[in-house]
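Heads up, the thing below is written out as C-alpha cells.
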2 protein chains.
Amino acid sequence: MPRRRPIRHAMETLSPLVRDFVLHFGEMGSRWGINRTVGQIYALLFVSPRPLNADEIAEALAFSRSNVSMGLKELQSWRLTQPHHLPGDRREYFAAPEDVWAIFRTLAEERKKREVEPTLTMLRGALLQKPSGDAERHAQQRMREMHDLVELITLWFDDVGRLDPATLVPLMKMGSTVSKVLEVKQKITQLAGGRARTATAD
Amino acid sequence: MPRRRPIRHAMETLSPLVRDFVLHFGEMGSRWGINRTVGQIYALLFVSPRPLNADEIAEALAFSRSNVSMGLKELQSWRLTQPHHLPGDRREYFAAPEDVWAIFRTLAEERKKREVEPTLTMLRGALLQKPSGDAERHAQQRMREMHDLVELITLWFDDVGRLDPATLVPLMKMGSTVSKVLEVKQKITQLAGGRARTATAD
DNA sequence: CTGTCTTTTCAGGAATTACTGAAAATACAG
DNA sequence: CTGTATTTTCAGTAATTCCTGAAAAGACAG
C-alpha cells in the first residue's frame with residue numbers, strides 16, 4: 001500500500017495541513033476503485049479557495065500534465081467537477097462544488113448508476129430463468145433476497161436524497177427515535193379514523 | 001477492465017445462472033477495492049445451498065488452492081464468513097450468513113471501521129491545527145464541513161442500523177414521507193406541552 | 001489562414017497487485 | 001510421538017494498472 005516512488009519535489013508548495021488531507025484521500029481513493037491521482041486531485045480542488053487550472057494542479061501535486069488531464073477527465077465523468085473559464089484566460093479552471101451535500105449526492109447517484117443498476121439488472125435477469133434442480137432454486141432464492149434488499153435500500157435512498165438538507169439534517173439527528181415517533185403516529189392515525197394517512201408502504 | 005487470461009477450464013461445473021452471478025460480483029469487487037477472486041468466492045458462498053471447503057471453491061472457480069486460502073482469509077477479516085467443522089471431516093467449511101441484512105450490516109460496519117473512522121481522525125487532527133493565513137483558514141473550513149457531514153451520516157447510520165429489519169423495512173418503505181409525519185409530530189409535541197420530547201437534535 | 005497556447009491521446013515503461021506452486025506450518029488421529 | 005491431512009506462507013512470475021513524455025488535436029486571436 002505505501003508507494004515508494006522517489007518523491008521528486010512533491011507538494012513543496014502545499015502546507016502540511018493540506019498535504020496530509022490530499023495524501024489521505026489519495027489512499028482512500030485507492031480503496032474505492034478510484035485511483036490515487038484522482039483522489040488527490042479532488043482533495044486539492046475541494047480545499048482550494050479558488051478554481052485551479054491543470055498546470056497548477058500538476059505543479060502542486062508533482063504529477064505530469066497528462067496525468068492531471070486524465071484525472072480531471074475522470075472527475076468530470078463522475079460529475080464531481082466541471083471546467084470554467086476565467087475572462088481573458090484561455091485555460092480551463094476546475095473547482096469542487098461549494099455544497100458538501102451536493103458532492104455526496106452526486107457521488108451516490110453515480111455509484112448507483114455504475115454499480116447498483118447493473119447489479120439489479122443482472123439479478124432480474126437471473127430471476128427470470130427457470131431453475132433446473134434444487135441448487136438453482138436455492139441460488140435464485142438467495143438472489144431474490146439480495147435483489148429485494150438492494151432495491152429497497154436504493155429506492156429509499158432516492159427518496160431521502162430528494163429532501164433538502166434543512167429537512168434532512170434534523171431528521172438524521174433524530175436517528176432511530178424516528179421509529180418511536182412512528183409508533184405515536186400509528187395511534188394518532190387510529191384515533192383520527194385513518195384521516196392522517198401519509199404512507200402506504202409501496 | 002476485462003481480463004483476457006486464458007480460461008483454463010473454469011467453472012465448468014457451475015450452471016450459467018450461478019456463473020454469471022459469480023462473474024458479476026468478481027467485476028464489482030474489483031471496483032470496490034476488493035479483488036476479483038474475493039468477490040467471486042463470496043458470490044459462490046452466497047448462493048451455495050451448503051457450506052463449501054476450500055478445495056471445492058478452488059475447483060468450482062478454477063483458482064489455485066493458495067489463492068482460495070488467501071481469499072477466505074480476507075473474507076474472514078471482513079467478518080463475512082467463518083470456518084465451520086463438519087463431524088468426521090477435518091476440513092474447514094465456509095458459508096455466508098443466511099440473513100442478507102446481517103451481511104449488509106457487517107459490510108457497513110467494516111467499511112466504517114476501515115475508511116470512515118480513519119478519515120474522521122485525520123480531519124479532527126487537521127481541525128486542531130492553527131491556520132496560518134487565509135488559504136489554510138479556508139481549507140480548514142472545508143474540512144470542517146466534510147467532517148460534520150461524514151459524522152452526521154455515520155452516527156445516523158449507526159442509529160438506524162440498530163433497528164431490526166421488522167421495524168426498519170416499513171420505515172424505509174415510507175421513504176421521504178417520514179418527514180411529513182414529523183411535521184405532524186411537531187404539532188403534537190406543542191399541544192402536549194413538550195412532554196413527548198423524543199429527539200433533542202444535539 | 002497562421003501561429004500560439006492549451007488540452008488530449010497514446011505507446012511504452014514503471015509500479016503495483018494478483019496468482020501460483022512449493023515448502024513450511026498446523027492440526028489431529030492413532 | 002509419528003504420520004497424514006489440511007491450511008498457510010511466501011518468493012517468483014504473470015497480469016494489470018498507473019504514469020509519463022512526445023506527438024496530435026483543438027481552440028482561438030489576429
Side-chain angles (χ1 to χ4, degrees), chain A residues 1-11 23 26-27 29-42 51-77 81-94, chain B residues 1-11 23 25-42 51-77 81-94:
Chain A
M1 201 153 293
R3 161 166 293 202
R4 267 154 288 124
R5 184 158 51 90
I7 299 148
R8 286 195 313 179
H9 48 86
M11 306 192 189
L23 289 175
E27 281 311 312
S30 69
R31 294 201 195 178
W32 271 72
I34 286 162
N35 83 29
R36 220 179 313 262
T37 312
V38 174
Q40 292 191 8
I41 293 174
Y42 203 66
L52 300 175
N53 65 48
D55 284 313
E56 289 171 325
I57 296 168
E59 159 78 18
L61 303 178
F63 293 150
S64 72
R65 181 62 184 70
S66 54
N67 197 6
V68 171
S69 178
M70 291 188 297
L72 287 170
K73 202 174 134 200
E74 169 122 19
L75 286 172
Q76 284 171 271
S77 86
T81 188
Q82 46 283 312
H84 288 289
H85 279 281
L86 261 56
D89 191 333
R90 225 138 108 178
R91 289 168 296 184
E92 289 181 316
Y93 284 80
F94 296 86
Chain B
M1 198 155 296
R3 159 167 294 205
R4 266 154 289 121
R5 183 158 53 90
I7 298 148
R8 286 195 312 181
H9 49 88
M11 303 191 188
L23 289 174
F25 275 87
E27 281 311 314
M28 278 307 152
S30 68
R31 295 200 192 178
W32 271 73
I34 286 162
N35 82 31
R36 220 178 314 259
T37 311
V38 174
Q40 291 190 8
I41 294 174
Y42 203 64
L52 300 176
N53 67 47
D55 284 314
E56 290 171 325
I57 296 167
E59 160 77 18
L61 303 178
F63 293 150
S64 73
R65 182 61 184 70
S66 55
N67 197 6
V68 172
S69 178
M70 291 189 297
L72 287 170
K73 202 175 136 199
E74 168 121 20
L75 286 171
Q76 284 171 271
S77 85
T81 188
Q82 47 282 314
H84 288 289
H85 279 281
L86 260 57
D89 192 334
R90 224 137 113 178
R91 289 167 297 182
E92 290 181 314
Y93 284 78
F94 295 86

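Chain letters run A, B, ... following the sequence lines, proteins first, then strands; residues in each count from 1.
- Side-chain contact between A:Glu27 and A:Arg36 is present, with heavy atoms from C-beta onward closer than 4.5 Å.
- When the P atom of C:dA18 is taken as reference, atom CD of B:Gln40 falls 13 Å away, rounded to whole Å.
- A distance-only check finds a donor-acceptor pair linking the side chain of A:Glu56 to the backbone of A:Asn53 [under 3.5 Å].
- Rounded to whole Å, the distance from CZ on B:Arg31 to C1' on C:dT17 is 19 Å.
- The phosphate of D:dC19 has OP1 or OP2 within less than 4.0 Å of a side-chain N or O from A:Asn35.
- Rounding to whole angstrom units, CD of residue B:Glu56 and P of D:dT6 are separated by 12 Å.
- In this structure, CD1 of B:Ile34 is placed 15 Å from P of C:dT17, rounded to the nearest angstrom.
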Verdict with supporting geometry, A:His84 and A:Glu92, side-chain contact (heavy atoms from CB on, under 4.5 Å): CA-CA 6 Å; A:His84 288 289; A:Glu92 289 181 316; over 6 Å; no
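- Spacing between atom CZ of A:Arg36 and atom P of D:dC19 amounts to 7 Å, rounded to whole angstrom units.
- One can place CG of B:Asn67 at 18 Å from P of D:dT13, the figure rounded to the nearest angstrom.
- Counting only heavy atoms from C-beta on, B:Phe63 has its side chain closest to C:dT20 among D:dT17, D:dC19, C:dT20.
- Straight-line distance from the NE2 atom of B:His85 to the P atom of C:dA29: 10 Å, rounded to whole Å.
- In this entry the distance linking CD1 of A:Ile41 with P of D:dC18 reads 13 Å, nearest Å.
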Where do N or O atoms of nucleotides 5-10 of chain C meet protein N or O atoms at under 3.5 Å, pair by pair?
from: C:dC5; atom 1: O2; to: A:Arg90; atom 2: NH2; distance (Å): 3.3
from: C:dT7; atom 1: OP1; to: A:Glu92; atom 2: N; distance (Å): 2.9
from: C:dT7; atom 1: OP2; to: A:Arg65; atom 2: NH2; distance (Å): 2.6
from: C:dT7; atom 1: O5'; to: A:Arg65; atom 2: NH2; distance (Å): 3.2
from: C:dT8; atom 1: OP2; to: A:Ser69; atom 2: OG; distance (Å): 3.0
from: C:dT9; atom 1: OP2; to: A:Lys73; atom 2: NZ; distance (Å): 2.9

Criterion side-chain contact (heavy atoms from CB on, under 4.5 Å) on B:Leu72 and B:Ile57, from CA distance to verdict: CA-CA 10 Å; B:Leu72 287 170; B:Ile57 296 167; 4.1 Å; yes
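- Atom CD1 of B:Ile41 is separated from atom CD of B:Glu74 by 9.5 Å, given to the nearest 0.5 angstrom.
- Using a 4.5 Å heavy-atom cutoff, the side chains of A:Phe94 and A:Pro83 are in contact.
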